[in-house]
Amino acid sequence: MMRFLMALALTVAFAASGSGMAHAGLSGDAMSPAEVVAIDRARDGSVIVVEGEAIGEHLRARGGGRWVNILGDETGLGIWVTDAMAEGIEYFGDHRHDGDIVRVVGVVNIACDQHAGEFDVHAESLATIAVGGPREMEIQPIKGVVGAAGMVLAFLLWRYYRQRRERRML
Amino acid sequence: MWLRLRLSDLRTIVHFVGVFVVGIGAAMIVPLATAVLWREWGAALDYILGMGVTLPFGFLLMHADVVRERITYAHAFSITALGWLVASLAAAVPLAFSGNYPTYLDAAFDALSGLTTSGLTVVTQLDHMAQAHNMWRHLTHLIGGQGIVVAALSLAVGLKGGGFSLYVAEARDERILPNILHTVRFIWVVTATYVGLGTAVLFGVMLRLGMTPGRGILHAFWAAIATYDTGGFGPQSMNAMYYHSSTFEFVTVLLMIAGALNFNLHAQVWRGGYDELWRNIETRVLAFNILVLSIAGSAGLAASRVFSGAPFELWRKGAYHVLSAHTGTGHQTVYTNQWLTDMGPGFMAAILLAMAAGGAVSSTAGGIKALRIGIIVRSLMQQVKEALAPSAAVSRTRYHHLRGQILTPQVAAAAAMVFIMYAVTYVTGGFIGAEYGYDLRGAMFESISATANVGLSTGITSAAMPVGLKVTYMLQMWAGRLEFLAVLALFAHLVLGIRRVVSRVGRA
């Protein structure tokens, strides 16, 4: 409940500020990382709004700051953020977790001069709009039963193979 | 005259294919252990099931022939070609149950891509994949990079006779040590050394980036395998871009170069013969190509006007991708769509040439190979020299590859034949991709990447691509890895067998 309230508060605060959206000149819909990667090259250096799932972990960036990689439509995107922004992310997506869905307002760089020509986004603000959490792990015991039966069969076939071989070799 | 396979020959082939399947099934113990260590119980069941399917199937195939131990070259080519295909289908079983592949064909695509060290992938939700499944994907690079036959030989699993013919059929025609078992064990020692060193250094890089030790060691190990074995898989969908690290790029560059060198060259250097490094025609060709294509590629990037950074940054991006393409690794630090939109025609041309050329023979790299390119160039030079020389003059061309050698017409013809086979396959695959409606440049790029077992992609390769194109790329990866000969031999046997059956039915 607390997490939900926190996410709601952050979303309301972000919407109320409106700075990022106005700056971007967008009507309101955020882009997905896949859309950002395919963005019109004329918008290089402009401010955009992108939403995606934070994945893996935040990584130290050379020269200060952190990298947060976000995912959407099977495409990852590197976001350069401040240490404080990175620390605010609770969950990063991996096999066990769904990562926080974050909304980033930042400058898109097709070939960033500061980061060795990388395609990246330099975040001006980052807000969590949905908190992630543990993923439901489906376990199907039938796989274990079939697998175990198969291994017993494999053992019997191997034993029989050895016997046939020894008999033929005599 | 064609050698006809009899029923007893077929039984021998099936037996040895069974040996490979058992080997693949046994290797699943590693991802199973990973799943247990990481408490990924769902993935653990996938590997129990995988072993439960592949092991009995493999043992069943082994029953086809319980006595024969000696195999001929005719057997070896069919065993190798069929073995790689069936081993890939076996390796795909646990992946198919992972939930990351929409169909079994997709799982088989990744298994074959892993074993052939291509690195093209159709996986979905990779960033949420279990560590055990990632371990298996990368392990396929390790098994396939050294060669399935090498893996089986090193364990001496039922391959007491005819080992060398199988070794040759797997596109490795140079014995490093007099004994074939010692040769394959040497290959594993070299691999263990580079993968071990690479893992240690990359682990330090991961910790410095802020990863936990648990994730750091896995990412380091996988990156070391994927790079040294010139595979190109990664545990994250962003591949090498995920790390945003110049140190990571630098370490992987060293591993790529080590992986693209001939195992025989490694042996010479280990014995103290350092001069072989600059005398060998392969290393000269590789060094020349990489240097020229890196300069040309970086200039192409600069001309594209998208990359306006400092000259060193242009060089870094250009050289990294030229090396990744030339060695057949396939790591990339640009998005797939950027190849066609941002990189410029000059850079694309450099990458296409680098991918097509490939690394050294008897290495983990794919492509036409530097030795063949060197021989073809020398042969052309000799032709020109002979044309200009007096008619009575006799000219000989020498080259150095492990020892001084004289260029004979047979050697030149063999190199030219493989060159033509690769060229025809590159172009054919490109046109097939274009027929499916993809941009010809992208289709050609993907076709060369698949055949030369590189793994760089313009984004065509994905779970969403047509089934026919998936099968086309699978055939290209398979034939390219085995340098066509084993695959052609298998097809010849199949055609002859069908003809025989048809004629018998006709007579009856």
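Only this structure's heavy atoms are used, side chains among them; waters, hydrogens and symmetry mates stay out. Keep in mind the model is a prediction, meaning the values are calculated, not measured. Labels below follow one simple rule: chain letters A, B, ... track the order of the sequence lines, proteins then strands, and each chain is numbered from 1.
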| query | Is it the side chain or the backbone of B:Met238 that comes within 4.5 Å of chain A heavy atoms, both, or neither? | reply | side chain
| task | Sort B:Thr341 into side chain, backbone, both or neither according to what part of it lies under 4.5 angstrom from a heavy atom of chain A. | result | side chain
| query | Is the side chain of B:Trp136 donor-acceptor paired with the backbone N or O of B:Ala91 at a distance under 3.5 Å, no angle test? | reply | yes
| task | Answer with side chain, backbone, both or neither: which region of A:Gln114 has an atom nearer than 4.5 Å to a non-hydrogen atom of chain B? | result | neither
| note | So, the part of B:Phe97 with a heavy atom under 4.5 Å from chain A: the answer is both
| request: Check each atom of A:Phe155 against the heavy atoms of chain B and say whether the ones under 4.5 Å are side chain, backbone, both or neither. | output: neither
| remark: So, the part of A:Leu59 with a heavy atom under 4.5 Å from chain B: the answer is both
| said: Shorter than 4.5 Å, heavy atoms on both sides: which option in A:Ala38, A:Ala149, A:Gly56 has the most such pairs with chain B? | reply: A:Gly56
| request: Determine whether B:Leu61 and B:Val22 make a side-chain contact, defined as any pair of heavy atoms from C-beta on separated by less than 4.5 Å. | output: no
| said: Would the distance check show the side chain of A:Arg41 and the main-chain N or O of A:Ile39 forming a donor-acceptor pair, the cut-off being under 3.5 Å? | reply: yes
| message | Please rank B:His133, B:Arg316, B:Arg208, B:Met206 by heavy-atom pairs under 4.5 Å with chain A and give me the top one. | response | B:Arg208
| message | For a quick test of reading the model, state the closest non-hydrogen atom pair linking B:Tyr335 to A:Gly78 and the distance between them. | response | OH-N, 3.8 Å
| task | Using non-hydrogen atoms and a 4.5 Å limit, figure out which bit of A:Leu156 sits close to chain B: side chain, backbone, both or neither. | result | neither
| remark: Checked B:Thr247, B:Thr212, B:Asp46 vs chain A; the most non-hydrogen pairs under 4.5 Å come from B:Asp46
| said: Any heavy-atom pair between the side chains of A:Ser46 and A:Val108 that's under 4.5 Å? | reply: yes
| request: Name the option with the most non-hydrogen atom pairs under 4.5 Å to chain A; the candidates are B:Thr124, B:Asn134, B:Leu60. | output: B:Thr124
| request: Identify which one of A:His58, A:His115, A:His122 satisfies the ring pair (Phe, Tyr, Trp, His ring centres under 6.0 Å) criterion when paired with A:Trp67. | output: A:His115
| query | Which residue out of A:Asp98, A:Asp94, A:Ile110, A:Asp120 racks up the most heavy-atom pairs below 4.5 Å with chain B? | reply | A:Asp94
| remark: Whatever's closer than 4.5 Å to a heavy atom in chain A on B:Asp342 counts as side chain
| Under a 4.5 Å heavy-atom cut-off, does chain A meet the side chain of B:Val93, its backbone, both or neither? | neither
| query | Between B:Phe59, B:Trp41, B:Tyr47, which residue shows the highest count of heavy-atom pairs closer than 4.5 Å to chain A? | reply | B:Phe59
| query | Which pair of heavy atoms, one from A:Leu126 and one from A:Val102, lies closest together, and at what distance? | reply | CD2-CG1, 4.0 Å
| field | Distance-only side-chain donor-acceptor flag, B:Thr252 / B:Tyr320, under 3.5 Å | value | yes
| field | Option that, when pairs with chain B are counted at under 4.5 Å, heavy atom only, ranks first among A:Glu53, A:Arg60, A:Arg162 | value | A:Arg60
| note | Honestly, the part of A:Ala61 sitting under 4.5 Å from a heavy atom of chain B is neither
| Side-chain (A:Thr128) to main-chain (A:Val131) donor-acceptor, under 3.5 angstrom | no
| task | Of all the heavy-atom pairs spanning B:Met51 and B:Pro56, show the shortest one and how long it is. | result | O-CD, 3.6 Å
| What part of B:Ser237 is in contact with chain A, defined as an atom under 4.5 angstrom from a non-hydrogen atom: side chain, backbone, both or neither? | side chain
| query | By a 4.5 Å heavy-atom criterion (distance strictly below it), what part of A:Glu57 contacts chain B: side chain, backbone, both, or neither? | reply | both
| field | Residues B:Tyr243, B:His219; criterion side-chain hydrogen bond (donor to acceptor under 3.5 Å, both in side chains); working and verdict | value | CA-CA 10 Å; B:Tyr243 306 102; B:His219 276 240; 2.8 Å; yes
| Interface residue of largest heavy-atom contact number with chain B, from A:Ile139, A:Leu153, A:Asn69, under 4.5 Å | A:Asn69
| task | Select one option (side chain, backbone, both, neither) describing which atoms of A:Arg135 are under 4.5 Å from chain B's heavy atoms. | result | side chain
| Less than 4.5 Å apart, any side-chain heavy atom of B:Asn100 and any of B:Arg137? | no
| Does the side chain of B:Trp38 reach to within under 4.5 Å of the side chain of A:His95, using non-hydrogen atoms? | no
| request: Determine the option with the most heavy-atom pairs under 4.5 angstrom with chain A, choosing from B:Asp127, B:Thr54, B:Thr336, B:Leu55. | output: B:Asp127
| note | Ranking B:Ala130, B:Pro235, B:Gly42 by heavy-atom pairs under 4.5 Å to chain A gives rank one to B:Ala130
